[in-house]
Asks: 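One structure, pasted below without further comment.
Just so you know, these numbers come straight off a predicted model, no measurement behind them.
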Amino acid sequence: MKTSFNDQLDITRRDLMKGGMGAASLAAVSAGAAVPAAVTAASVAVTANAAQAQQHAASATVTQPATGIVMSPDYARTVAQMAYVWGWPMVNMINRRAAITQAPEPGHLNGVLPAAPRGQIAMLNDYIEPSETFVTCPNQDVVYGLGFFALDEEPVVIQVPDFGDRFWVYALYDARTDQFGHLGKPYGSKPGFDLLAGPRWSGLKPDGTTDVLRCPTSLANAIPRVFQDDTPEDRKAIQEVINQVVAYPLKDFDGEMKTIEWAKVPDIPGPASSGEETKWVVPDKFFDQFGEVLDTVDPLPGEEALYGQFRLLLDAASKDPELKKVLVATAVETEDKVIQPFFQWKHNGRPAGNGWNRSTNNAQFGVDYFNRTGTAKSNMFDNRPNETQYFYTDHDGAGGELSGSGSYAITFPAGQEPPVNGFWSLTLYNDKHLFHANDLKRYSLGTKNKNLKRNSDGSLTLYAGAKSPGGDKENNWLPAPDGKFSLYIRAYWGKEAILDGSWQPPAIEVAQ
């Protein structure tokens with residue numbers, strides 16, 4: 001008797017609560033200590049000079065932490081807190097993969113989220129729905145795809161159709177949530193087939209493929225994003241091209257462009273949403289999964305000492321039940337005191353002017369643990385800065401907290417909308433960083449909209465609040481919940497003023 005996808009997800013969740021990953025997820029990674037792999041500029045934003053490289057090569061001669069020691073609870077607590085902050089995004093990735101790859105075939109989980117077996121992707125056929133809670137801060141400017149891979153065991157071919165003038169980018173993430181490879185309109189990528197491979201795959205580039213894109217970790221995922229404007233005509237026009245956004249294991253590659261009609265793939269039953277993002281990291285069980293991260297994700301240059309301390313911590317706790325309790329208590333406390341504050345935008349990135357913050361080192365974090373973990377908590381799966389820059393705030397220009405009980409105006413002076421080669425948008429999120437369902441089914445405004453009304457001087461004012469501004473202003477209105485909310489600007493393929501920080505978002509004014 002076959003197990004349903006819903007049952008499998010329930011099993012996975014029980015596994016997480018027990019601290020286990022389940023056979024389906026463990027099959028996707030290799031066990032045992034990893035040999036450090038070469039790290040490219042795509043996976044780490046630092047470059048080792050000759051002295052650092054020599055130091056790295058000689059690391060095998062450095063004395064490593066002694067096992068068999070009696071570790072004091074306070075020392076364990078100190079190391080465990082750093083381990084939790086450092087490892088949080090990677091445990092998050094492991095658990096997302098475990099759930100999504102249980103899909104029996106490419107389809108739409110609960111009808112709203114792409115889900116596919118390991119080695120494949122699924123695509124939506126329209127904007128993502130507001131009931132989606134797999135990841136915070138989704139957007140309704142693009143049609144999304146999603147898939148997870150084990151690239152050492154099973155390299156994957158990903159198809160690139162002819163997108164014409166349409167903006168598109170395939171964000172390819174490693175286990176650290178750094179991007180690898182360059183596929184998209186900003187890179188001038190051509191139609192064809194690209195091979196995604198892991199650091200230890202030793203095969204040759206197959207005939208008929210454009211390039212081999214190496215991921216520095218075996219665990220990887222892909223999130224294609226394809227721009228769609230907010231018209232029925234474009235929803236129809238985009239179908240032919242997105243139906244060719246397909247990925248599959250190398251063994252299935254035959255040089256022919258495969259097609260899947262994404263509007264007709266099955267809906268896959270899944271657990272009901274709680275109204276907030278799925279809890280992908282369970283503090284009580286974090287250290288039961290942490291060893292898998294150390295065993296399957298190679299250290300970046302300079303991280304060897306961290307790995308040594310983390311392994312010593314796990315070794316000591318495995319022999320002392322009371323010390324294990326200290327680790328669990330530290331995880332719970334760190335989740336509350338360190339991880340949760342990242343959900344406030346003032347703790348993310350750096351100030352961007354007029355009460356906004358902006359993303360920093362997004363998707364190329366390297367050893368920037370602050371921004372990597374902050375992003376994983378607040379808005380995981382950003383694009384690289386050159387692909388997308390993000391601006392976000394919970395407050396108006398005077399420092400007041402944004403609330404649906406107020407009415408707000410965001411005015412871009414003439415010629416001062418976000419300067420982009422791709423597109424831009426302003427999105428409104430509720431206090432869970434998810435869409436606020438509303439009768440207009442409107443969650444963002446920007447390039448995609450063809451009916452925005454400009455002011456007489458050419459400026460553009462957008463409105464946010466629970467109450468409509470009325471009349472011809474309503475086309476420019478983002479409906480808000482009654483309680484707290486946040487605003488979020490995306491600038492896709494930004495021009496120099498976006499990249500160098502000279503462009504600033506406008507102050508959010510309390511409307512009269």
Asks: With His433, which residues qualify under side chain to side chain contact (heavy atoms under 4.5 Å, CB included), at least two apart?
Replies: Thr136, Cys137, Phe343, Trp345, Ser378, Ser486
Asks: Without hydrogens or angle criteria, can the side chains of Asn95 and Gln289 be said to hold a donor-acceptor pair below 3.5 Å?
Replies: yes
Asks: Can a salt bridge be assigned to the pair Arg176 and Asp174 using a cut-off of 4.0 Å between side-chain N and carboxylate O?
Replies: yes
Asks: Please test Asp394 against Lys346 for salt bridge (charged side-chain N to carboxylate O under 4.0 Å, His left out), starting from the C-alpha separation and ending with a verdict.
Replies: CA-CA 8 Å; Asp394 298 311; Lys346 66 183 180 181; over 6 Å; no
Asks: Ring centroid separation for Tyr173 and Phe381, is it under 6.0 angstrom?
Replies: yes
Asks: Below 4.5 Å, heavy atoms only, C-beta onward: do Asp439 and Arg442 meet side chain to side chain?
Replies: no
Asks: Is there a donor in the side chain of Gln389 and an acceptor in the side chain of Ser359, or the other way round, less than 3.5 Å apart?
Replies: yes
Asks: How many angstroms lie between CG in Asn421 and NZ in Lys185, if you round to the nearest 0.5 Å?
Replies: 10.0 Å
Asks: On a heavy-atom basis, which atom in Val297 and which in Tyr307 lie closest, and how many Å separate them?
Replies: O-OH, 2.6 Å
Asks: With sequence neighbours excluded, tell me which residues meet salt bridge (charged side-chain N to carboxylate O under 4.0 Å, His left out) with Glu277.
Replies: Arg96
Asks: Measure the shortest side-chain to side-chain distance between Pro186 and Tyr492 over non-hydrogen atoms and say whether it is less than 4.5 angstrom.
Replies: no
Asks: Would you mind reporting whether Asp396 and Glu509 have side-chain heavy atoms less than 4.5 Å apart?
Replies: no
Asks: Would Trp280 and Phe134 count as a close aromatic pair, with their ring centres under 6.0 Å?
Replies: yes
Asks: Between Tyr443 and Asp141, is a side-chain hydrogen bond (donor to acceptor under 3.5 Å, both in side chains) present by the stated rule, with each step listed?
Replies: CA-CA 10 Å; Tyr443 309 102; Asp141 306 288; over 6 Å; no
Asks: Measure centre to centre between the rings of Phe391 and Tyr488, then say whether the value is under 6.0 Å.
Replies: no
Asks: Heavy-atom count check: over 12 atoms from other residues, nucleotides or ligands less than 6.0 Å from Asp482 CG?
Replies: no
Asks: List for me each residue that meets side chain to side chain contact (heavy atoms under 4.5 Å, CB included) alongside Thr447, sequence neighbours excluded, and say none if there are none.
Replies: Phe227, Phe423, Trp424
Asks: Heavy atoms, side chains only, cut-off 4.5 Å: are Tyr392 and Leu487 in contact?
Replies: no
Asks: Whether the side chain of Glu303 engages the backbone of Leu300 through a donor-acceptor N/O pair (distance < 3.5 Å, no angle test) should be reported.
Replies: yes
Asks: With no hydrogens and no angle check, is any side-chain donor or acceptor of Thr373 less than 3.5 Å from a backbone partner on Tyr369?
Replies: yes
Asks: Taking the basic N atoms (NZ, or NE/NH1/NH2) and the acidic carboxylate oxygens, is any pair closer than 4.0 Å for Lys450 and Asp230?
Replies: no
Asks: Suppose we screen for side chain to side chain donor-acceptor pair (under 3.5 Å). Which residues come up paired with Gln159, at least two apart in sequence or across chains?
Replies: Tyr248
Asks: Go through the side-chain N and O atoms of Thr427 and Asn139 and say whether any donor and acceptor fall under 3.5 Å apart.
Replies: no
Asks: Heavy atoms, side chains only, cut-off 4.5 Å: are Leu478 and Tyr463 in contact?
Replies: no
Asks: Could you check whether any side-chain N or O of Thr78 sits under 3.5 Å from a backbone N or O of Asp74, counting only pairs where one atom can act as donor and the other as acceptor?
Replies: yes
Asks: Can you see which heavy atom on Asp178 is nearest to which on Gly366, and at what distance?
Replies: OD2-N, 3.3 Å
Asks: State whether a side-chain donor-acceptor pair under 3.5 Å links Thr375 with Asn371.
Replies: no
Asks: Donor-acceptor check, side chain of Ser459 to backbone of Asn455, threshold 3.5 angstrom: yes or no?
Replies: no
Asks: Any side-chain heavy atom of Leu219 sitting closer than 4.5 Å to one from Phe149?
Replies: no
Asks: Kindly say whether Thr388 contributes a backbone atom to a donor-acceptor pair with the side chain of Asn362 at under 3.5 angstrom?
Replies: yes
Asks: Taking only residues two or more places apart in sequence, or in another chain, which ones meet Tyr170 in a side chain to side chain donor-acceptor pair (under 3.5 Å)?
Replies: none
Asks: Looking only at heavy atoms, what is the nearest atom pair of Pro481 and Asn430, with distance?
Replies: CG-CB, 4.1 Å
Asks: Do Trp356 and Gln504 have a side chain donor and acceptor closer than 3.5 Å?
Replies: no
Asks: Could you label the plane-to-plane angle of the Trp503 and Phe412 rings as parallel, tilted or perpendicular, counting under 30° as parallel and over 60° as perpendicular?
Replies: parallel
Asks: Rounded to the nearest 0.5 Å, what separation is found between the CZ atom of Arg97 and the CZ atom of Phe148?
Replies: 8.5 Å
Asks: Can you pull the side chain to side chain donor-acceptor pair (under 3.5 Å) pairs that have at least one residue in residues 237-246, sequence neighbours excluded?
Replies: none
Asks: Within a 6.0 Å radius of atom NZ on Lys337, are there more than 12 heavy atoms belonging to other residues, nucleotides or ligands?
Replies: no
Asks: Testing Asn475, Leu460, Asn476 for side chain to side chain contact (heavy atoms under 4.5 Å, CB included) with Lys453, which one passes?
Replies: Asn476
Asks: May I ask you to check whether Tyr127 and Tyr144 place their ring centers less than 6.0 Å from one another?
Replies: no
Asks: Would you check if Glu401 and Lys484 make a side-chain contact, meaning some heavy-atom pair closer than 4.5 Å?
Replies: yes
Asks: So, for Pro506 and Ile410, which heavy atoms are closest and what is the spacing to 0.1 Å?
Replies: CG-CG2, 3.6 Å
Asks: Quick one: closest heavy-atom pair of Glu335 and Trp88, and the distance?
Replies: OE1-NE1, 2.9 Å
Asks: Regarding Lys441 and Glu129, does a basic nitrogen lie under 4.0 Å from an acidic carboxylate oxygen?
Replies: no
Asks: Using a strict 4.0 Å threshold on nitrogen-to-oxygen distance, state whether Glu387 and Arg384 make a salt bridge.
Replies: yes
Asks: Using modelled atom types and a 3.5 Å cut-off, is there a donor and acceptor pairing between side-chain atoms of Asn110 and backbone atoms of Val112?
Replies: no
Asks: Under 3.5 Å, is there a donor-acceptor pair between the side chain of Asn361 and the main chain of Asp368?
Replies: no
Asks: With no hydrogens and no angle check, just 3.5 Å: does a side-chain donor-acceptor pair link Asn383 and Tyr390?
Replies: yes
Asks: Closest heavy-atom contact between His108 and Leu124?
Replies: NE2-CA, 3.7 Å
Asks: Take Lys467 and Glu474 through the salt bridge (charged side-chain N to carboxylate O under 4.0 Å, His left out) test and state the conclusion after the steps.
Replies: CA-CA 10 Å; Lys467 182 179 179 181; Glu474 188 164 280; over 6 Å; no
Asks: Between Lys448 and Asp234, is there a side-chain N and carboxylate O pair less than 4.0 Å apart?
Replies: no
Asks: Is there side-chain contact between Gln81 and Val338, with at least one heavy-atom pair below 4.5 Å?
Replies: yes
Asks: Ring centroid separation for Tyr84 and Phe286, is it under 6.0 angstrom?
Replies: yes
Asks: Look up atom CG in Asp431 and atom CD in Glu276, then write down how far apart they are to the nearest 0.5 Å.
Replies: 9.0 Å
